[in-house]
Amino acid sequence: MAEVPSGVKTVHLTSVHPRYDTRIFLKECRSLAANGYDVSLLVADGKGDEKKDGVQILDVGASSGRLARMAMTTRRILKRAIALDAAIYHLHDPELLPVGLSLTRRGKQVIFDAHEDVPKQLLAKTYLGPRRLRLISRLYASFERYACRRFAGVVAATPTIGDKFLAINDQTVVVNNFPFLDELESDMPWDQDRDSVCYVGAISATRGIREIVEAIGKAKPSARLILAGAFAEPNTEEDVRSMQGWSKTEALGYIGRDELREVLGRSAAGLVTLHRTPNHMESQPIKMFEYMSAGIPVIASDIPLWQRIISEAECGYCVDPHDSDAIAAKIDELLSNQAEAKRLGANGRRAIEDRYNWTAEERKLLELYATLTGQSSS
């Protein structure tokens with residue numbers, strides 16, 4: 001394990017994510033701060049500066065609209081980043097790649113944290129038209145390669161993303177977005193009937209919200225759906241609120257981690273029935289592992305990678321995400337056989353304890369930082 005440096009200054013930068021983002025703040029920033037780094041997090045939410053859990057959160061101010069954010073916010077972030085004069089700068093948004101190049105030209109070490117495969121993600125934005133999408137995707141991929149070859153390192157959120165970037169930058173490490181061991185485990189007993197299933201995270205059409213609400217409408221009368229997250233598309237929200245299943249839906253909006261533990265503790269299963277978009281096909285959605293961490297079974301899309309994880313752990317079922325009847329059938333099956341739901345949930349929890357947890361991922365992050373700061377490792 002790499003020796004821990006003392007007070008090495010590092011700055012994480014995001015113009016998009018919330019200040020308490022699970023991957024950025026709760027995991028990476030807090031882990032680095034707990035291991036001796038001087039950590040700042042630059043955000044753009046208009047909520048002001050604060051220090052939390054050893055991390056200095058610095059706000060450059062919010063901008064209204066995507067164009068203003070990409071033009072003005074990135075300039076403010078760059079100006080503040082330069083003033084901080086850190087040893088390492090860790091970027092979390094594709095639109096900050098130019099900021100990273102500017103810092104690199106100033107002799108700084110820059111890490112790009114690839115949360116998603118952006119060129120594939122762009123191909124799913126069907127409202128732009130297929131020809132334009134392919135062009136934008138290719139242009140972005142070319143710029144991404146150009147920038148990341150010049151950075152000191154890349155942190156990839158999944159093995160597939162890691163394979164892509166390893167061909168671009170040999171200082172690429174995979175830091176999976178796995179959950180903390182003890183954060184979401186509930187003490188709520190399974191001996192009381194649970195009549196709810198839940199969906200946690202950003203809500204959109206490609207994340208399967210229409211099929212989920214349709215499925216809960218088809219499930220048995222006592223079945224309920226808990227939604228914990230914000231709608232990304234106003235038109236989609238308006239659409240699903242008019243569906244029959246909405247009367248059986250409890251929409252909580254964005255919730256904190258303590259509330260999330262409570263939601264998972266009263267759910268009989270967690271849903272992650274995202275559509276088979278190019279980006280989703282190789283992703284590892286954190287919500288799937290959070291359901292497992294909480295000890296509840298998973299109803300997931302029949303994406304091959306997810307099928308392998310769920311089959312190996314024997315912790316739930318995979319279905320066609322476009323088939324609301326199939327989703328409803330699995331909801332009914334788990335609500336009607338809670339002993340089986342408890343067994344599958346316990347299997348998932350065991351897999352988290354054995355393999356899919358933040359402890360091992362934190363070690364890889366610390367080793368990358370130790371390499372970049374010239375610390376010895378054993």
Side-chain angles (χ1 to χ4, degrees), residues 186 188-231 233 236-253 255 259-276 280 285 287-288 290-292 294-303 306-307 310-311 313-348:
S186 174
M188 295 184 70
W190 269 95
D191 54 8
Q192 61 181 38
D193 287 342
R194 305 185 186 198
D195 61 5
S196 297
V197 295
C198 67
Y199 171 89
V200 173
I203 303 171
S204 68
T206 60
R207 291 170 181 261
I209 184 58
R210 288 189 177 91
E211 292 84 358
I212 289 172
V213 174
E214 191 172 278
I216 204 67
K218 295 176 178 179
K220 64 181 188 176
S222 62
R224 294 292 181 271
L225 169 66
I226 305 172
L227 292 180
F231 277 87
E233 304 148 347
T236 301
E237 179 176 8
E238 183 179 351
D239 185 20
V240 297
R241 283 182 177 273
S242 68
M243 297 172 68
Q244 181 180 350
W246 191 256
S247 64
K248 300 166 69 177
T249 299
E250 180 183 0
L252 303 177
I255 63 174
E259 294 170 283
L260 174 58
R261 185 190 307 111
E262 188 272 332
V263 165
L264 296 174
R266 61 188 175 99
S267 298
L271 295 161
V272 56
T273 49
L274 281 57
H275 291 179
R276 304 185 199 93
H280 291 157
K287 62 176 64 64
M288 179 168 69
E290 288 182 337
Y291 299 152
M292 295 164 64
I296 63 173
V298 179
I299 301 173
S301 304
D302 55 358
I303 289 172
W306 306 2
Q307 287 180 308
I310 290 171
S311 175
E314 198 180 344
C315 64
Y317 305 112
C318 291
V319 296
D320 179 348
H322 297 278
D323 187 345
S324 60
D325 289 323
I327 299 170
K330 291 306 179 185
I331 291 173
D332 282 347
E333 185 174 338
L334 290 169
L335 293 180
S336 299
N337 189 349
Q338 301 228 342
E340 177 66 2
K342 180 180 179 181
R343 184 186 73 83
L344 294 172
N347 288 345

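Side-chain atoms are counted along with the backbone in the values below, which use heavy atoms only and exclude waters and symmetry mates.
Note that CD1 of I209 is 10.5 Å distant from CG of L274, once rounded to the nearest 0.5 Å. Here E211 contributes atom CD and D320 contributes atom CG; the two are 9.0 Å apart, rounded to the nearest 0.5 Å. The CH2 atom of W306 sits 8.5 Å away from atom OG1 of T273, with the distance rounded to the nearest 0.5 Å. Atom-to-atom distance recorded for R207:CZ and E233:CD is 9.5 Å, nearest 0.5 angstrom. Separating the CG atom in D323 from the CG atom in D302 is a distance of 9.5 Å, to the nearest 0.5 Å. The distance from the CD1 atom of I299 to the CG atom of L344 is 10.0 Å, given to the nearest 0.5 Å.
Of all heavy-atom pairs between V272 and M288, the closest is CG1-CB, 4.2 Å. Closest approach of A219 to A328, counting heavy atoms only: N-CB, 4.1 Å. For the residue pair M292 and A313, the shortest heavy atom distance occurs at CE-CB, 4.3 Å. Shortest non-hydrogen contact noted between S324 and K218 is OG-NZ, 2.7 Å. Shortest non-hydrogen contact noted between Y291 and C198 is OH-O, 3.7 Å. Between A326 and V319 the shortest heavy-atom distance is O-CG1, 4.1 Å.
Within the 4.5 Å cutoff, the side chain of I331 has no heavy atoms near those of the K220 side chain. Here the side chains of H322 and R276 are in contact, with some heavy-atom distance below 4.5 Å. Side-chain contact between Y199 and T249 is absent, with no heavy atoms from C-beta onward closer than 4.5 Å. The closest side-chain heavy-atom distance from I296 to R194 is below 4.5 Å. T236 places none of its side-chain heavy atoms less than 4.5 Å from the side chain of I203. Under the 4.5 Å side-chain criterion, counting only non-hydrogen atoms from C-beta, I226 is in contact with S267. With a 4.5 Å cut-off on side-chain heavy atoms, R343 and E314 count as touching.
The residues E290 and K287 are annotated as not salt-bridged, no charged nitrogen and carboxylate oxygen being separated by less than 4.0 angstrom. Salt bridge R210/E214: absent, no basic N to carboxylate O contact under 4.0 Å.
Under the rule for a side-chain hydrogen bond (donor to acceptor under 3.5 Å, both in side chains), the partners of R241 that lie at least two apart in sequence or sit in another chain are E237.
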Report task. Take L225 and V197 through the test side-chain contact (heavy atoms from CB on, under 4.5 Å) and record every step on the way to the result. Result -> CA-CA 5 Å; L225 169 66; V197 295; 4.2 Å; yes

Report task. Mind running side-chain contact (heavy atoms from CB on, under 4.5 Å) on S301 and H280 for me, showing each step along the way? Result -> CA-CA 10 Å; S301 304; H280 291 157; over 6 Å; no

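More than 12 heavy atoms of other residues, nucleotides or ligands lie within 6.0 Å of CD in E340, so this atom counts as buried by the packing criterion.
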